[in-house]
Amino acid sequence: LVTCYPQQQHQQQHQPPCTKRGKEPLASLKAYVLESANNQPTNDASVLGPPADWDAYPFNEIQALWQQTVSSVVSGLAHVSSILDDNAKSNINREMVLLVHSEAFVGGALSLFAVDNVARDGLTLLSVLRTQCGQTTIDVCGSQLSLPRIFHPPLSKIVYWSFLLLVGIVVLRGIWRSHGLDMLLWIQSFFKENSSVSSSSSLSADFY
């Protein structure tokens, strides 16, 4: 199993979690996914690879997601994280998009491609899966097509503008609660003065 929080075999051997976006454990997950699709066909459930007997095993599921163990769940809770957070912080779905687009899977062994958090890059992943050579009837396919654009606004900008908007609402509400009545009275008197000035001007014009 390839988890986001690798179990530490030795105290001297420190393996960072997937949220640090390092080489590991993402490299291990990529190797696991590729071996699940590209190894020699086998009906042994304990060996990675596509099924040898497609009648007995009609679906070959590729688990392109962080798997869970008791240890990894405990580590995730200790990091105040979740499955969706681990997925987003590790950018795993984007990595799977790049892997599929590069035609790393051979032999047409993909039938089920399982990911978490499909709201993040799910449509992009569906696009590159559908346009794989052998999955489409169009002449241009796979890596011959341009990679769909993948864009995520930085979370810092979203937090920044949301914070400014919230501060602005709080300040305006405070001003309104403390001076709202005075502001209404001033506006009312302003319009009354303007209306009286315009009325006197019209009377003077009529007199002359």
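We number each residue from 1, following the sequence as shown.
When hydrophobic clusters are built by joining Ile, Leu, Val, Met, Phe, Trp and Tyr residues whose side-chain heavy atoms come closer than 4.5 Å, directly or via intermediates, L1 is not grouped with V47. Following chains of ILVMFWY side-chain contacts shorter than 4.5 Å, one cannot reach V2 starting from V73, and the two form parts of different hydrophobic clusters. Neither L77 nor L84 shares a network with the other; the hydrophobic side chains, linked directly or stepwise wherever heavy atoms of I, L, V, M, F, W or Y lie under 4.5 Å apart, form separate groups for each.
What you find for P148 and V128 is that their closest heavy atoms are CD-CG1, 3.8 Å. For V97 against D121, the heavy-atom pair with the smallest separation is CG2-O, 4.2 Å. Residues A52 and N43 share a closest heavy-atom pair of N-OD1, 3.1 Å. Across all their heavy atoms, V115 and V118 have their closest contact at CG2-CG1, 3.7 Å. When all heavy atoms of P51 and P41 are compared, the pair lying nearest together is O-CB, 3.8 Å.
In this structure, S127 contributes its side chain and L123 its backbone to no donor-acceptor pair below 3.5 Å. At least one donor-acceptor pair closer than 3.5 Å links the side chain of N93 to the backbone N or O of N117. Judged purely by atom type and a 3.5 angstrom limit, H79 has no side-chain atom pairing as donor or acceptor with the backbone of P17. Proximity of a side-chain donor or acceptor of N39 to a complementary backbone N or O of L48 within less than 3.5 Å is detected. No side-chain donor-acceptor contact under 3.5 Å links S72 to the backbone of Q68. With hydrogens and angles ignored, the 3.5 Å screen pairs a side-chain donor or acceptor of N38 with a backbone N or O of A104.
Using a 4.5 Å heavy-atom threshold, the side chains of V74 and Y5 count as separate. Looking at heavy atoms from C-beta onward, L99 lies in side-chain contact with L34 at the 4.5 angstrom threshold. Residues E103 and C133 form a side-chain contact, since some pair of their non-hydrogen atoms from C-beta on lies under 4.5 Å apart. Side-chain atoms of K20 and K89, non-hydrogen and from C-beta on, never get closer than 4.5 Å to each other. Taking the side chain as every heavy atom from C-beta outward, W54 and F59 never approach each other to under 4.5 Å. P6 places a side-chain heavy atom less than 4.5 Å from the side chain of P25. Between W66 and L29, some side-chain heavy-atom pair lies under the 4.5 Å cut-off.
Between I62 atom CD1 and L112 atom CG the span is 9.0 Å, to the nearest 0.5 Å. Separation of atoms OG (S90) and CG (D85) is listed at 10.5 Å; rounding is to 0.5 Å. The CD atom of Q40 lies 12.5 Å from the CD atom of E35; values are rounded to the nearest 0.5 Å. Atom-to-atom distance recorded for I92:CD1 and R120:CZ is 11.5 Å, nearest 0.5 angstrom. Y32 OH to L65 CG: the interatomic distance, rounded to the nearest 0.5 Å, is 8.5 Å. Distance CG/N91 to CE/M96: 10.5 Å, rounded to 0.5 Å.
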**Request:** Starting from the C-alpha separation in whole Å, work towards a yes-or-no answer on side-chain contact (heavy atoms from CB on, under 4.5 Å) for V100 and L125.
**Result:** CA-CA 8 Å; V100 174; L125 182 58; 4.2 Å; yes
**Prompt:** Checking side-chain contact (heavy atoms from CB on, under 4.5 Å) for the pair F105/Q132: CA distance, chi angles, key distance, verdict?
**Reply:** CA-CA 9 Å; F105 300 98; Q132 272 197 304; 4.3 Å; yes
**Prompt:** Can C141 and T131 be said to form a side-chain contact (heavy atoms from CB on, under 4.5 Å), step by step?
**Reply:** CA-CA 6 Å; C141 58; T131 54; 5.6 Å; no
**Request:** Verify side-chain contact (heavy atoms from CB on, under 4.5 Å) between T19 and C4, making sure each step is shown before the conclusion.
**Result:** CA-CA 7 Å; T19 54; C4 179; 4.3 Å; yes
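Between Q67 and T3, the side chains place no donor N or O within less than 3.5 Å of an acceptor N or O (distance only, hydrogens not considered). Under the 3.5 Å distance criterion, with hydrogens and angles disregarded, no donor-acceptor pair is assigned to the side chains of D44 and T42. There is a side-chain donor-acceptor pair under 3.5 Å between D86 and S81.
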